[in-house]
A.B. asks: 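Provided herewith is a single structure, encoded as structure tokens, for subsequent inquiry.
Just so it is clear, the structure is predicted and the values come from calculations on it, not from any experiment. For reference, positions follow the sequence shown, starting with 1.
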Amino acid sequence: MKFGYWCLGLLLSPALTFAQGSGGNSAIIPGRTPVLSADSLAVNQIYFEALRRKTIEDQKGAAEMFARVLQLDSRNDAAMYELSSLQKLQNNQPEAQKLLERAVALKPDNEWYWVSLATSYEKSNDILKLQHVFDELLRINPNKTDYYFDKASAFMLEQKYDEALAVYTRLEQLTGLTDDLVASRQKIYLKQGKIDLAAGEVEQLLVNNPDQVRYYLLLGEIYNSNNLTDKALKVLQRGEKVKPDDGMIHLALADTYRTKKDLEASYKQLQLAFSSPALDIDQKVRIILGYTPKFPDPNARASALELSRIAVGVHPNDAKAQALYGDMLAQNNKFKEAKAAYQKSVQLNPEIYAVHEQLVRLDLGDNALDDAIKDGENALSLFPNQAWMNYLVGVAYLQKKDATKALGYLKNTVALELDDKDLSAQSYAALGDCYHELKDNAKSDAAYDKALIFNPDNIYTLNNYAYYLSIRGEQLEKAAQLSKHSIDIQPNTASFEDTYAWILFRQKKYADAKTWIEKALQHGKDASATQTEHYGDILFYLGNTDAAVQNWKKAKEYGAKSPLLDRKINEKKYIE
């Protein structure tokens with residue numbers, strides 16, 4: 001454990017002590033051999049040179065200089081102290097401890113020497129010596145409350161609880177009954193199983209301060225942590241009457257009711273807590289996030305949404321509250337309202353990147369491509385090196401058929417992203433789509449190959465790559481393998497089966513192609529003009545011209561816009 005003395009006078013330099021210890025006042029230390037005047041001047045010069053080197057962080061040089069001081073003046077306590085601090089920096093605790101023990105022997109009334117020695121004993125876990133140090137510190141400064149707490153803590157480390165309590169009794173005589181004293185004594189009482197004593201002190205605080213909510217909370221925590229929930233409930237209800245709008249009281253009541261399995265009462269208390277402006281928004285966020293593991297349950301999602309609605313009503317100008325509300329709306333599929341909440345959050349504080357990303361994802365999900373580009377480019381003006389945002393804007397441009405602009409953002413993505421394999425796979429797949437649109441087949445194939453290195457099971461990459469190869473009539477065996485792999489991963493998908501049938505058709509495997517195109521037509525929710533036209537093409541090569549023409553005519557009715565479709569129908573033959 002860390003003691004309170006850690007932050008005490010260690011920042012102070014005992015230069016004045018040195019001046020007293022090595023000048024004309026040296027005779028005040030019994031048994032000390034006076035230093036000759038010439039030596040005294042040399043000691044001073046070396047000492048201050050050591051301090052200068054310490055100031056410029058020349059630790060080695062400073063240590064050497066302080067050691068030389070001690071060679072000339074073996075009783076120079078200030079040099080011992082300074083050298084010990086340098087030894088501590090070098091993790092040489094044993095040597096630092098020896099130097100400090102010599103220093104306090106020479107100057108037993110120097111508080112800072114004892115404080116520094118206490119840190120050494122703490123690190124070496126020498127509790128008995130540590131207790132002695134605090135006795136000395138209390139002798140020197142009997143009104144320093146931190147030393148009482150530290151001495152009691154040293155007793156507690158050895159489980160000497162009665163001795164620690166005795167120290168607290170001395171401290172109470174000095175300060176009266178304080179919150180810190182009660183809290184420290186409670187730890188001991190609870191370790192001893194003396195719950196009544198721990199609770200009794202807090203009850204006394206309540207008698208003296210009946211309007212202080214923190215004491216009701218403290219007493220309620222004592223009872224709750226010891227499974228005395230009925231007592232906890234009564235205490236907290238007393239606190240609620242004293243201050244009915246206190247959010248912390250309602251949170252404590254919510255926890256207590258939940259322990260008692262009264263979930264309805266617990267949730268009502270949470271609602272009251274969230275209605276309190278004094279309850280920190282960060283705490284409200286943490287509570288709502290506690291619901292997320294339960295989100296498969298629609299009731300949990302609805303409860304979290306209601307709490308976030310209350311929070312945003314209480315904190316309408318807080319960006320976190322608006323973002324939280326947006327998250328909960330999105331979890332409940334209220335995407336339009338979620339988008340509005342994210343927009344408000346961004347307006348209030350544009351420095352939260354995650355909110356920008358959520359907003360752009362909603363834009364894309366709503367097919368609001370212009371909004372996605374606008375919101376995404378706004379985010380990139382603030383966060384230009386965010387790989388996902390570059391990807392999302394690139395996808396928005398790609399969906400708008402602006403492959404040239406999409407290309408720039410997607411190139412940025414792969415340049416920025418090195419660790420996220422999923423993003424890398426998607427980015428290279430999108431680059432493959434871009435290069436295909438730009439008729440750069442070599443770069444398109446290379447991008448798809450790279451995407452499949454990052455994720456060989458991405459079904460959309462497999463399908464698109466295979467289909468584009470089949471359109472070009474290139475690497476048909478590879479195309480067939482890619483397409484079949486997508487079907488194996490996600491069977492009964494009409495678009496994948498159509499791609500595979502078309503590849504088989506290009507390979508002149510017409511019977512197999514017929515099997516797969518019929519599966520595609522069976523599994524498709526609606527009749528597809530492209531699939532129906534493909535079916536006609538396959539039937540033509542299987543010698544069933546009438547059926548082929550019928551399917552070509554159906555494809556036209558379904559809206560097929562193949563420039564060769566009319567010729568197929570009129571000439572009753574397949575036209576490449």
A.B. asks: Thinking salt bridges, do D211 and K243 make one under a 4.0 Å N-O criterion?
C.D. replies: no
A.B. asks: Walk me through whether R309 and Y325 qualify under side chain to side chain contact (heavy atoms under 4.5 Å, CB included).
C.D. replies: CA-CA 6 Å; R309 185 194 65 76; Y325 189 40; 3.8 Å; yes
A.B. asks: I'd like to know if the side chain of Y391 reaches the main chain of S424, judged simply by a donor and an acceptor atom lying under 3.5 Å from each other, with no hydrogens or angles considered.
C.D. replies: no
A.B. asks: Rounded at 0.5 Å granularity, tell me how far CD in Q97 sits from CD in Q87.
C.D. replies: 12.5 Å
A.B. asks: Check whether any side-chain heavy atom of I127 lies under 4.5 Å from a side-chain heavy atom of N125, and answer yes or no.
C.D. replies: yes
A.B. asks: Using a strict threshold of under 4.0 Å (side-chain N to carboxylate O), is an ion pair present between K374 and D363?
C.D. replies: no
A.B. asks: Can you confirm whether the side chains of Y147 and E111 place a donor and an acceptor under 3.5 Å from each other?
C.D. replies: yes
A.B. asks: Of all the heavy-atom pairs spanning S266 and A254, show the shortest one and how long it is.
C.D. replies: OG-O, 2.8 Å
A.B. asks: Could you tell me whether the side chains of E158 and Q131 share a donor-acceptor contact shorter than 3.5 Å?
C.D. replies: yes
A.B. asks: Report yes or no: do S427 and K411 form a side-chain donor-acceptor pair below 3.5 Å?
C.D. replies: no
A.B. asks: Evaluate the ring-ring contact (aromatic ring centres under 6.0 Å, His included) criterion for residues F66 and Y47: first the C-alpha distance (whole Å), next the side-chain angles of each, then the deciding distance (0.1 Å), finally the verdict.
C.D. replies: CA-CA 6 Å; F66 285 128; Y47 180 82; 5.6 Å; yes
A.B. asks: Can you tell me how far the CG atom of L190 sits from the CG atom of N226, to the nearest 0.5 Å?
C.D. replies: 5.5 Å
A.B. asks: Would you say that Q283 contacts M248 through its side chain, given a criterion of any heavy-atom pair below 4.5 Å between the two side chains?
C.D. replies: yes
A.B. asks: Is the closest side-chain heavy-atom distance between Q269 and L251 below 4.5 Å?
C.D. replies: no
A.B. asks: Given R52 and E57, is the salt bridge (Lys or Arg N to Asp or Glu O under 4.0 Å) satisfied, shown in steps?
C.D. replies: CA-CA 9 Å; R52 187 189 70 80; E57 298 186 359; over 6 Å; no
A.B. asks: When you check the side-chain N and O atoms of D422 and Q426, is any donor under 3.5 Å from an acceptor?
C.D. replies: yes
A.B. asks: Nearest heavy-atom pair of A103 and D77: which atoms, and what distance?
C.D. replies: CB-O, 4.1 Å
A.B. asks: Between L348 and Q322, does a side chain to side chain contact (heavy atoms under 4.5 Å, CB included) hold up when you go through it step by step?
C.D. replies: CA-CA 9 Å; L348 290 167; Q322 293 288 350; 3.8 Å; yes
A.B. asks: Would a 4.5 Å heavy-atom cut-off, applied to side chains only, mark V346 and Q343 as touching?
C.D. replies: no
A.B. asks: For Y409 together with Y397, are the ring centres under 6.0 Å from each other?
C.D. replies: yes
A.B. asks: Is R68 paired with E64 through a side-chain N to carboxylate O contact shorter than 4.0 Å?
C.D. replies: no
A.B. asks: Check for a donor-acceptor pair, side chain of S184 on one end and backbone N or O of L181 on the other, with a separation under 3.5 Å.
C.D. replies: no
A.B. asks: Looking only at atom types and distance, does a side-chain atom of T175 sit under 3.5 Å from a main-chain N or O of L171, one as donor and one as acceptor?
C.D. replies: yes
A.B. asks: Mind running side-chain hydrogen bond (donor to acceptor under 3.5 Å, both in side chains) on E172 and Y168 for me, showing each step along the way?
C.D. replies: CA-CA 6 Å; E172 186 177 358; Y168 289 138; over 6 Å; no
A.B. asks: Evaluate the side chain to side chain contact (heavy atoms under 4.5 Å, CB included) criterion for residues L206 and Q212: first the C-alpha distance (whole Å), next the side-chain angles of each, then the deciding distance (0.1 Å), finally the verdict.
C.D. replies: CA-CA 7 Å; L206 278 172; Q212 292 297 315; 5.8 Å; no
A.B. asks: Side chains of Y113 and E101 only: does a donor on one sit below 3.5 Å from an acceptor on the other?
C.D. replies: no
A.B. asks: Of all heavy-atom pairs between H356 and I352, which one has the smallest distance, and what is that distance?
C.D. replies: CD2-O, 3.3 Å
A.B. asks: Distance alone, cut at 3.5 Å: any donor-acceptor contact between the side chains of T256 and N224?
C.D. replies: yes
A.B. asks: Under 3.5 Å, is there a donor-acceptor pair linking the side chains of Y428 and K450?
C.D. replies: yes
A.B. asks: I'd like to know if the side chain of N455 reaches the main chain of A451, judged simply by a donor and an acceptor atom lying under 3.5 Å from each other, with no hydrogens or angles considered.
C.D. replies: no
A.B. asks: Can you see whether K88 engages S116 through a side-chain donor-acceptor pair at a distance of less than 3.5 angstrom?
C.D. replies: yes
A.B. asks: Please report the shortest heavy-atom distance between S74 and R102, naming the atom on each side.
C.D. replies: O-NH2, 3.1 Å
A.B. asks: Does any non-hydrogen side-chain atom of W388 lie less than 4.5 Å from one of Y353?
C.D. replies: yes
A.B. asks: Are the side chains of T145 and D180 in touch, meaning some heavy atoms are under 4.5 Å apart?
C.D. replies: no
A.B. asks: Using the side-chain hydrogen bond (donor to acceptor under 3.5 Å, both in side chains) rule, take Y342 and Q358 through it: C-alpha gap first, then chi angles, then the decisive distance, then the call.
C.D. replies: CA-CA 8 Å; Y342 289 137; Q358 288 289 78; 3.3 Å; yes
A.B. asks: If you take all heavy atoms of L423 and A387, which pair is closest and at what distance?
C.D. replies: CD2-CB, 3.7 Å
A.B. asks: Both conditions, 6.0 Å and 45 degrees, for the charged tip of K151 above the ring of Y148: are they met here?
C.D. replies: no
A.B. asks: List the steps and the verdict of side chain to side chain contact (heavy atoms under 4.5 Å, CB included) for V104 and N110.
C.D. replies: CA-CA 7 Å; V104 297; N110 188 302; over 6 Å; no
A.B. asks: Do side-chain atoms of W114 reach the backbone of P108 as a donor and acceptor pair under 3.5 angstrom?
C.D. replies: yes
A.B. asks: Taking atom NZ of K320 as the centre, report whether more than 12 heavy atoms of other residues, nucleotides or ligands fall under 6.0 Å from it.
C.D. replies: no
A.B. asks: How long is the span from the CG atom in D146 to the CZ atom in F149, to the nearest 0.5 Å?
C.D. replies: 8.0 Å
A.B. asks: For residues Y189 and E201, determine if any side-chain heavy atom of one lies less than 4.5 Å from a side-chain heavy atom of the other.
C.D. replies: yes
A.B. asks: Checking D318 now: which residues fulfil salt bridge (charged side-chain N to carboxylate O under 4.0 Å, His left out) with it, not counting sequence neighbours?
C.D. replies: none
A.B. asks: What distance do L431 atom CG and L410 atom CG have between them, rounded to the nearest 0.5 Å?
C.D. replies: 5.0 Å
A.B. asks: Would you check if the side chain of D73 reaches a backbone N or O of V69 as a donor-acceptor pair within less than 3.5 Å?
C.D. replies: no
A.B. asks: State the CD1-OG distance between I310 and S276, to the nearest 0.5 angstrom.
C.D. replies: 12.0 Å
A.B. asks: May I have the step-by-step check of side-chain hydrogen bond (donor to acceptor under 3.5 Å, both in side chains) for K284 and H315, ending in yes or no?
C.D. replies: CA-CA 11 Å; K284 292 174 181 177; H315 310 277; 2.8 Å; yes
A.B. asks: Could you tell me the separation between the CD atom of Q59 and the OG atom of S85, rounded to the nearest 0.5 Å?
C.D. replies: 9.0 Å
A.B. asks: Could you tell me whether a side-chain N or O of T292 sits under 3.5 Å from a main-chain N or O of I288, the two making a donor and an acceptor?
C.D. replies: no
A.B. asks: Indicate yes or no: at least one non-hydrogen side-chain atom of L407 is less than 4.5 angstrom from one of K443.
C.D. replies: no
A.B. asks: Do you know the tightest heavy-atom contact between L130 and E122?
C.D. replies: CD1-N, 4.3 Å
